[in-house]
Participant: 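Take a look at this one; I'll ask things after.
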Amino acid sequence: MSSDPVIVLDFETSGHSPAFGDRPIEVGAVRIEQDMIVDRFQSLMNPGFTISWFIESLTGISNDLVAAAPDCEEVMTRFAEWIGETPLVAHNAGFDRKFLDAELARIGRERNNPMACTVLASHRLFPEAQNHKLATMVAHLGIYTDGTFHRALADAEMTGHLWIAMTDLLHTRYGFTDVPFSLMQTITGMGRARVDRFLRSQTQSPSAPLPQVDLSCRY
DNA sequence: TGCCAGGCCCTCTTTAGGGCCTT
């Protein structure tokens with residue numbers, strides 16, 4: 001089985017919205033090639049202001065830790081070089097996309113990478129799951145965890161294994177020998193009710209072109 | 001200091017509303 005290289009990323013942030021002044025405090029990411037994690041990126045970063053007690057408690061990242069970290073601009077410059085134009089994946093990608101784009105804009109860059117969302121894909125490929133939170137999907141699929149959540153690299157690694165589990169499902173259940181990034185985008189771009197029938201039809205006609213799906217509002 | 005978002009899904013829908021998911 002073959003699949004496109006992807007980078008799975010996760011931000012820990014000071015809150016929900018860069019539009020209200022929130023910024024990342026940590027980024028973690030893994031590069032996946034041929035269903036294996038082959039490289040990792042992790043760094044704390046200093047947002048330039050005091051983070052709340054709630055975020056300190058949620059993440060375990062203290063104000064002392066971020067105060068000693070390089071500033072966001074320095075970290076994001078290195079991160080932008082590291083990701084290049086590789087397709088990106090995140091759990092609830094709309095959230096990470098907001099912060100990625102906002103921080104890239106601060107350093108005069110623009111994202112050209114396509115993005116895919118493991119929450120949306122999980123809804124379509126694992127509809128039987130109790131819910132589609134990362135921790136639930138990790139337990140549902142038996143993904144290895146040392147119990148660390150809400151740290152960027154740990155969450156990125158678990159999301160990476162979720163991505164691998166989804167490509168594996170497309171191979172074992174539907175018979176795909178090639179799982180391009182565009183296939184996962186197509187799946188998340190169509191309604192849940194259509195996905196199973198679509199995938200089975202693709203297996204029966206593997207050379208058929210992917211249907212046109214409007215992705216204009218999806219990353 | 002405390003506050004804040006928003007895109008997507010589902011359905012008791014589409015002239016809407018509530019829940020999910022991320023920090």
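Within every chain, numbering begins at 1; the chains are lettered A, B, ... in the order of the sequence lines, protein sequences first and strands thereafter.
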Participant: Using the salt bridge (Lys or Arg N to Asp or Glu O under 4.0 Å) rule, take A/R200 and A/D196 through it: C-alpha gap first, then chi angles, then the decisive distance, then the call.
Facilitator: CA-CA 6 Å; A/R200 293 189 187 286; A/D196 185 70; 3.0 Å; yes

Participant: Under the side-chain hydrogen bond (donor to acceptor under 3.5 Å, both in side chains) test against A/H91, which residue among A/T159, A/D96, A/T118, A/D10 passes?
Facilitator: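 Answer after filtering A/T159, A/D96, A/T118, A/D10: A/T118.
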
Participant: Would you say A/H171's side chain and A/T177's backbone share a donor-acceptor pair under 3.5 angstrom?
Facilitator: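 Checking the backbone N and O of A/T177 against the side chain of A/H171, no donor-acceptor pair under 3.5 Å is found.
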
Participant: Do A/N63 and A/T50 meet the criterion of a side-chain donor-acceptor pair at a distance under 3.5 Å?
Facilitator: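 Side-chain D/A pair, A/N63 to A/T50: absent.
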
Participant: Without swapping roles, check the side chain of A/D71 against the backbone of A/E74 for a donor-acceptor pair under 3.5 Å.
Facilitator: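 Yes; at least one donor-acceptor contact below 3.5 Å.
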
Participant: If I pick the P atom on B/dC4 and the same atom on B/dC10, what distance separates them, to the nearest angstrom?
Facilitator: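 Going atom to atom, P in each nucleotide, I get 28 Å.
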
Participant: Quick one: which protein N/O atoms are closer than 3.5 Å to N/O atoms of nucleotides 21-23 of chain B? Pair and distance per line, please.
Facilitator:
unit_1 : atom_1 : unit_2 : atom_2 : d
B/dC21 : OP1    : A/H132 : N      : 2.6
B/dC21 : O2     : A/N92  : ND2    : 2.8
B/dT22 : OP1    : A/L134 : N      : 2.7
B/dT22 : O4'    : A/N92  : ND2    : 2.9
B/dT22 : O2     : A/N92  : ND2    : 3.4
B/dT23 : OP1    : A/D155 : OD2    : 3.3
B/dT23 : OP2    : A/H150 : ND1    : 3.3
B/dT23 : O3'    : A/E12  : OE1    : 2.8
B/dT23 : O3'    : A/T13  : N      : 3.0
B/dT23 : N3     : A/H16  : NE2    : 3.4

Participant: Taking only the C1' atom of each, what is the distance from B/dG18 to B/dC12 in whole angstrom?
Facilitator: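 To the nearest whole Å, 12 Å.
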
Participant: What's the gap between B/dT13 and B/dC9 when it is taken at their C1' atoms, as a whole Å value?
Facilitator: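 B/dT13 and B/dC9 have their C1' atoms separated by 12 Å.
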
Participant: Send over the distance from A/F99 CZ to B/dG6 P, rounded to a whole Å.
Facilitator: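 Whole-Å distance recorded here is 11 Å.
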
Participant: Are A/I164 and A/L153 co-members of a hydrophobic cluster defined by side-chain heavy atoms under 4.5 Å apart?
Facilitator: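 Yes, because A/L153 and A/I164 connect within a single hydrophobic cluster, where side-chain heavy atoms sit under 4.5 Å apart.
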
Participant: Under the criterion salt bridge (charged side-chain N to carboxylate O under 4.0 Å, His left out), which of A/E103, A/E73, A/E81 is the partner of A/R109?
Facilitator: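 One option only clears the test, and that one is A/E81.
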
Participant: Give me the distances for all protein-to-nucleotides 16-19 of chain B N/O pairs that come in under 3.5 Å?
Facilitator:
none

Participant: Rounding to an integer number of angstrom, what distance separates B/dG7 and B/dT23 when you compare their C1' atoms?
Facilitator: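 About 16 Å, rounded to a whole number of Å.
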
Participant: Which one, B/dG7, B/dC9, B/dC4, comes nearest to the side chain of A/R97?
Facilitator: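 It is B/dG7.
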
Participant: Just wondering, more than 12 heavy atoms not from A/K98 lying within 6.0 Å of its NZ?
Facilitator: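 Counting other residues, nucleotides and ligands, NZ of A/K98 exceeds 12 neighbours.
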
